[in-house]
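Accompanying notes for the structure given below.
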Amino acid sequence: MIQVVLGFSAMIFLSEGIGRWVLKVLKYEPEYAMYAAPYGAAFLFCVLSMLYLPIMVCHGSFGAILIVTMIVVAASMIPLMRTWKDTLRLLFRARTIYILMAVVLIAGLFLKYGLDEMVQDAELLQMASYVNSPSITLTSMPLQGYQLFGSVIFWSAGMNNQYTVLFLSLYTAAIGMMMSLNFIDSFQLPNPWFRFTLIFFSLFYCTCYSWKIVGAFHSDNWRLYFTALAIYTAYRWLKTGKENIKYLLPVVFGAGLFVHEAYLMIAVEVVYCLAVFLFHEQKIRALYDLTTFMLPVVYYLFFWLATRNFLGALLFVIVCIVYYMQRNKRKMYHRIIQAEDYLIAYDIPIFYIGVPVIFLVGTFILRFFIAGYGIEYSYYISYFSHRTVAGFLFPRGNIIDMIMDIWRWAGVLVFARKAFTKEDRMIRDMAVCMVVFFINPLCMGMLTQITGLETYACAFEILFNPFTDILVFIAIYKLFEWTVIGQWVLELCLVFATLLGHITSYTSWPMGLYTDLVNPSDSVTQVESK
């Protein structure tokens with residue numbers, strides 16, 4: 001157990017040091033005392049993704065993965081040494097007590113309830129299967145390196161299942177907690193009691209509740225965190241006007257592609273929604289910036305295509321290399337500006353009408369004219385019944401979940417009505433764009449043929465994630481900003497929901513909840529089998 005504590009502490013220090021170095025390279029000084037570990041973890045995963053992809057495509061050995069990982073970790077010590085003073089100052093402060101308390105709580109819950117059951121978890125067994133493998137063949141998570149990273153941790157832990165689960169779970173949870181604290185601190189809320197209540201809620205309800213404890217180390221959790229981090233990064237970019245912030249987006253996208261295949265859809269959707277907003281706001285160099293954000297996606301798509309059609313992948317990479325090498329030259333840059341002017345002039349007809357109509361026609365053709373490729377519109381119900389979506393739309397068995405979902409949707413309505421600033425309008429337009437295009441049943445058939453229904457459903461997390469949850473709660477708080485009784489009621493409700501949520505989650509552990517996690521019986525599986 002001491003090895004787990006030491007390894008976890010070292011990983012947090014390493015992530016914070018890398019993140020602090022990345023912020024210094026970008027010359028970005030946050031307006032508040034921000035934990036840089038989330039960006040450090042994203043940068044580490046992004047680099048590993050770039051190095052793992054060629055090994056996975058070429059079916060390299062576990063030894064190659066191990067060597068690459070060790071080199072990256074060793075090289076990461078250099079930025080840590082350059083920023084060790086700032087790293088110690090940011091980690092050893094009163095704010096970190098919240099994280100330590102939550103980490104101790106999670107560790108205690110694991111040791112008492114869930115650790116023995118999780119050693120037979122399917123994703124953990126997948127990690128174990130790669131150890132000492134002479135040829136890596138990814139099946140369940142194609143071209144995602146997170147399981148390989150987990151196999152390196154598994155090997156480092158001496159093939160001990162419990163140590164591996166505990167280490168990965170604590171690391172994931174700690175990064176998520178730091179992320180939540182950054183989200184809250186960035187708003188610099190004037191009411192200290194509400195700020196404490198929101199921290200208490202975000203750490204001990206959102207992070208430590210239900211499946212987020214049982215499967216804390218799962219790639220699903222990382223996907224949700226990196227979705228929230230990407231939207232938060234775009235939000236801060238627009239709010240502060242500091243252009244250097246935007247270069248963190250490719251890092252987050254690369255990390256998301258490292259952990260989960262559904263993040264490809266999420267990254268494309270985030271960039272698409274950002275394009276709609278930036279062109280509507282007539283943002284200078286919008287098209288140039290958007291293609292910069294897509295760099296990790298382009299890199300990933302090359303290897304994805306290479307596993308299916310090498311000539312197609314070669315043609316794709318040649319076109320991309322020519323574009324990225326020529327876009328800074330005057331002739332190509334003028335063409336980009338001309339295309340940008342056209343998109344700004346006709347942004348609404350193109351993005352809100354033209355693109356959805358194309359997918360609508362494609363869905364219609366697949367449904368009625370191409371045998372075996374059409375999806376009945378009744379399957380749209382299966383999308384809403386998917387566990388990623390249904391949890392936010394329909395009442396669940398737990399009364400606390402039902403109250404929080406009603407509260408969440410009320411906050412969405414309040415936020416949409418009060419979205420006056422540029423960054424708030426971006427979040428609102430992102431939600432509208434999702435409804436018009438990505439959650440449109442008339443476009444669903446063609447989209448699901450491209451992505452698959454499972455991936456398509458995961459993209460709903462763009463609307464509801466740890467960052468947007470905090471946004472909507474702050475929007476509700478501002479309604480009662482000058483009403484003392486209203487503030488007290490709001491704060492007491494958050495504390496009550498957090499405490500009662502813990503009590504109800506403990507009583508349901510671990511059998512039913514764990515069974516649902518490991519063997520999800522949603523209707524999507526049934527639809528795909530049809």
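All figures in this text were calculated on a predicted structure; none of them were measured in a lab.
Scanning both residues, Y163 and A157, for their nearest heavy atoms gives CB-CB, 4.1 Å.
Taking the six-membered ring for Trp and the full ring otherwise, F43 and Y39 have centroids separated by 6.0 Å or more. Separation of the F149 and F45 ring centroids falls under the 6.0 Å cut-off.
For CZ of F310, the number of neighbouring non-hydrogen atoms (other residues, nucleotides, ligands) closer than 6.0 Å is 12 at most.
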Throw together a table of side-chain donor-acceptor distances under 3.5 angstrom for residues 61-75, partners on residues two or more places apart or in other chains.
from, atom 1, to, atom 2, distance (Å)
S61, OG, G63, N, 3.4
S61, OG, A64, N, 3.4
T69, OG1, Y52, OH, 2.4
T69, OG1, I65, O, 2.7

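Residues V271 and F253 are in side-chain contact: their nearest non-hydrogen atoms beyond the backbone lie under 4.5 Å apart. Counting only heavy atoms from C-beta outward, the side chains of L301 and L264 approach each other to under 4.5 Å. You'll find the side chain of I462 stays beyond 4.5 Å of the side chain of C273, heavy atoms only.
No side-chain donor-acceptor contact under 3.5 Å links R308 to the backbone of L305.
A cation-pi contact, defined as under 6.0 Å to the ring centre and within 45° of the axis, links R93 to Y35.
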request  = Decide yes or no on side-chain contact (heavy atoms from CB on, under 4.5 Å) for F187 and K239, but give the supporting numbers first.
outcome  = CA-CA 11 Å; F187 290 97; K239 183 174 183 177; 4.2 Å; yes
inquiry  = Determine whether L48 and L44 satisfy the following criterion, side-chain contact (heavy atoms from CB on, under 4.5 Å), listing intermediate values before the conclusion.
reply    = CA-CA 6 Å; L48 289 176; L44 179 64; 4.3 Å; yes
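With sequence neighbours excluded, no residue satisfies side chain to side chain donor-acceptor pair (under 3.5 Å) with T164. Considering only residues two or more places apart in sequence or on other chains, T172 meets the side chain to side chain donor-acceptor pair (under 3.5 Å) condition with W222. Residues passing the salt bridge (Lys or Arg N to Asp or Glu O under 4.0 Å) test with K246 are E243, D289, sequence neighbours excluded. In this structure, the side chain to side chain donor-acceptor pair (under 3.5 Å) partners of R327, at least two apart in sequence or on a different chain, are T291, T292. Residues satisfying the side chain to side chain donor-acceptor pair (under 3.5 Å) test with R82, not counting sequence neighbours, are none.
F167 and Y171 have parallel rings, their planes meeting at less than 30° on a 0 to 90° scale where 60° marks the start of perpendicular.
When the options Y288, Y272, W237 are evaluated for a ring-ring contact (aromatic ring centres under 6.0 Å, His included) with F293, the one that passes is W237.
Atom OG of residue S219 and atom CD of residue Q126 lie 10.5 Å apart, to the nearest 0.5 angstrom. From T468, atom OG1 reaches atom CZ of F473 across 10.0 Å, with rounding to the nearest 0.5 Å. Atoms CD1 and OH, on I266 and Y263 in that order, are 6.5 Å from each other to the nearest 0.5 Å.
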